There are 2 protein chains.
Amino acid sequence: MTERRKSAGLPDKRRAIVAGALTLFARDGYTRAGLDAIAAEAGVSNRTIYNHFSDKAELFQTVMQESTQRVADTMVDIIDRHLSKVADLETDLVDFGLAWLAVLTSDLAPHFALIRQINAEMEHIPPAALALWRETGPGRTRRELAERLRRIAQRGDLAIDDPVRAAGHLMLLISADNLTDRADLHDEDALRAMVTAGVRTFLYGYKR
Amino acid sequence: MTERRKSAGLPDKRRAIVAGALTLFARDGYTRAGLDAIAAEAGVSNRTIYNHFSDKAELFQTVMQESTQRVADTMVDIIDRHLSKVADLETDLVDFGLAWLAVLTSDLAPHFALIRQINAEMEHIPPAALALWRETGPGRTRRELAERLRRIAQRGDLAIDDPVRAAGHLMLLISADNLTDRADLHDEDALRAMVTAGVRTFLYGYKR
DNA sequence: TAACTTCTACACCGATCGGTGTAACAAACC
DNA sequence: GGTTTGTTACACCGATCGGTGTAGAAGTTA
């Protein structure tokens, strides 16, 4: 009574396949991740995968799209939750940054390993799929953050002439240590220090 | 009369192999890059590769080390050339940033594709090799930049209490657009605008 | 019960890949 | 001239992988 199954596959099997594929694609990359291993991870027969997806490339694209959607939703939610009403700007930005970084170690962590895979195999991915990912993933998140910064600046606290660029700066500064060498994402104190330093650089840099 | 060949292989063949391997590892990644293709790219027999390297993993490690060394040398040289004697801080930092970014599109470009591969396959690379890379590559470069910033700050222009973190911030801000979405690295004007914006954010953020 | 859909297990194919063995050839060294 | 060393071409092995064919089991719908 739920949904008329159109042509192939039960929806829960499909979800299991996509979830298992995300795990293995994230860990091993597109080439290394074998379909037999994905089938085993999903608790599903090898043959069943081809009942839901025409080939490995289509499976990968589906995994990429669904994971991107979910993470972008989470990120936008964090932005809205922390930056809709701003009391003390530095405090709120630091809290926002910590929530932002927490996603990297959450159950959404595999997504970011997947992004590193995409980044590496960029030249082997169809440009259209790449553009779609940029638009629905980092692009959307960045625009959302930019819009929030624009409103905050309008309130008179910051001087931002290019909100999108400023959003990029903030995102980078928040996770600076994490990007350059490897920060310990589980040391709460070091994490807060990193975020605070980044936020302060951002704030002083864009102070009116 | 040059050098006593110790055990195996002529040095020029070896160099050709490493160069060809860099090209293919950078483009296709460790798994996708086949040894036959590498041999063809190097203009060398498949069998000859095994005369110089015991297996694919050792070849990859050699490629990684040599490329890292060369790029780090280049980066340190750029730092020294632009930030030894500072006249106008913003101008000099922008010029430095542009020279820094120019490396990304130089003949050293494959190295950065290789780094993306490393970043993706991190969980499949021996931790010792990873640590060595961080130390001789980005670590060295970052420390060198940090030292320069420390001296500049000492001169009284900036307030930097953690030079290494500041160096990280500067490196990220310089290439901000390039890291978040894809900036056109060949549009000279857009490039200068990106670097200038990053440098200004850095300078205002660390202004004494 | 009968018709239909989906899943599973298994065998299988062709291609690729990392790596080896071998024998012939070229060049440097004694 | 003879020996040694390195290179090459080629055939080959075992393993893995993407993908298919098939037959039957399991569950759903009428």
Side-chain angles (χ1 to χ4, degrees), chain A residues 1-64 117 121 124-126 129, chain B residues 1-64 117 121 124-126 129:
Chain A
M1 201 21 124
T2 58
E3 177 81 6
R4 197 75 206 107
R5 31 191 157 146
K6 317 182 145 53
S7 56
L10 297 177
D12 48 336
K13 292 283 176 185
R14 187 190 155 96
R15 261 186 288 117
I17 294 172
V18 172
L22 171 59
T23 300
L24 291 202
F25 279 140
R27 195 187 63 198
D28 298 338
Y30 181 81
T31 307
R32 250 201 256 266
L35 283 177
D36 286 0
I38 292 175
E41 176 77 22
V44 145
S45 168
N46 174 335
R47 204 66 185 73
T48 303
I49 295 182
Y50 290 96
N51 202 338
H52 291 261
F53 305 93
S54 66
D55 58 11
K56 195 183 184 184
E58 192 198 299
L59 172 59
F60 182 78
Q61 194 176 338
T62 302
V63 169
M64 196 171 104
Q117 302 292 344
E121 307 217 42
H124 300 282
I125 298 178
Chain B
M1 203 20 124
T2 57
E3 178 80 9
R4 198 77 205 104
R5 35 191 153 143
K6 316 182 143 52
S7 56
L10 298 178
D12 47 337
K13 293 282 177 186
R14 187 189 154 97
R15 261 184 290 118
I17 293 172
V18 173
L22 171 58
T23 300
L24 291 203
F25 279 141
R27 196 186 62 196
D28 299 337
Y30 181 81
T31 307
R32 250 202 257 266
L35 283 176
D36 287 359
I38 292 175
E41 176 77 21
V44 145
S45 167
N46 175 334
R47 203 69 182 73
T48 303
I49 295 182
Y50 290 95
N51 201 338
H52 292 262
F53 305 92
S54 66
D55 58 9
K56 195 183 184 184
E58 192 198 299
L59 172 60
F60 182 78
Q61 194 177 339
T62 302
V63 168
M64 194 171 104
Q117 301 292 344
E121 306 217 43
H124 301 282
I125 298 178

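Just so it is clear: chains get the letters A, B, ... in the order the sequence lines come, proteins before strands, and each one is counted from 1. Quick caveat: nothing in here was measured; it's all calculated off a predicted structure.
For the pair B/Arg14 CZ and D/dT7 P, the interatomic distance rounds to 12 Å; values are reported in whole Å. The separation between A/Tyr50 atom OH and C/dA9 atom C1' is 16 Å, rounded to whole Å. In this entry the distance linking CD of A/Glu58 with C1' of D/dG18 reads 15 Å, nearest Å. Here C/dG19 presents its P atom at 13 Å from CZ of B/Phe53, a figure rounded to the nearest Å.
A close approach under 4.0 Å does occur between a side-chain nitrogen or oxygen of A/Lys13 and OP1 or OP2 of C/dT8. Note on B/His52: every side-chain N or O is 4.0 Å or more away from OP1 and OP2 of D/dG6. Side-chain nitrogen and oxygen atoms of B/Asn51 include at least one within less than 4.0 Å of the OP1 or OP2 phosphate oxygen of D/dT7.
For the helix from C/dT1-D/dA30 to C/dC30-D/dG1, the axis fitted to the five pairs at one end and the axis fitted to the five pairs at the other end meet at an angle of 10° (nearest 10 degrees).
Residues satisfying the ring pair (Phe, Tyr, Trp, His ring centres under 6.0 Å) criterion with B/Phe60, sequence neighbours excluded, are B/Phe25, B/Tyr30. Residues passing the salt bridge (Lys or Arg N to Asp or Glu O under 4.0 Å) test with A/Arg27, sequence neighbours excluded: none. Annotation: side chain to side chain donor-acceptor pair (under 3.5 Å) contacts of B/Gln61 (sequence neighbours excluded): none.
Using a 4.5 Å cut-off on side-chain heavy atoms (C-beta onward), A/Asp12 and A/Arg15 make contact. The shortest side-chain heavy-atom distance between B/Glu121 and B/Thr31 falls under the 4.5 Å cut-off. You'll find the side chain of B/Thr62 reaches within 4.5 Å of the side chain of B/Arg14, heavy atoms only.
For DNA chain C, no neighbouring residue in residues 16-25 of chain B is found when judged by any heavy atom under 4.0 Å. Taking a 4.0 Å limit (strictly below) on heavy-atom distances, residues 33-49 of chain B reaches DNA chain C at B/Ala33, B/Gly34, B/Leu35, B/Arg47.
Considering all non-hydrogen atoms of both residues, B/Asp28 and B/Gln117 come closest at C-NE2, 4.3 Å.
Taking CD1 of B/Ile125 as the start and CE of B/Met64 as the end, the distance is 5.5 Å to the nearest 0.5 Å. Here the straight-line distance linking atom CD1 of B/Ile17 with atom CG of B/Leu22 works out to 13.5 Å at 0.5 Å rounding.
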Check residues 34-49 of chain B and write down every donor-acceptor pair under 3.5 Å in which the side-chain atom is one partner and the other belongs to a residue at least two apart or another chain.
unit_1: B/Asp36; atom_1: OD1; unit_2: B/Asn46; atom_2: ND2; d: 2.4
unit_1: B/Ser45; atom_1: OG; unit_2: B/Arg47; atom_2: N; d: 3.2

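The salt bridge (Lys or Arg N to Asp or Glu O under 4.0 Å) contacts involving residues 50-63 of chain B comprise nothing, where partners must be two or more places apart or lie in separate chains.
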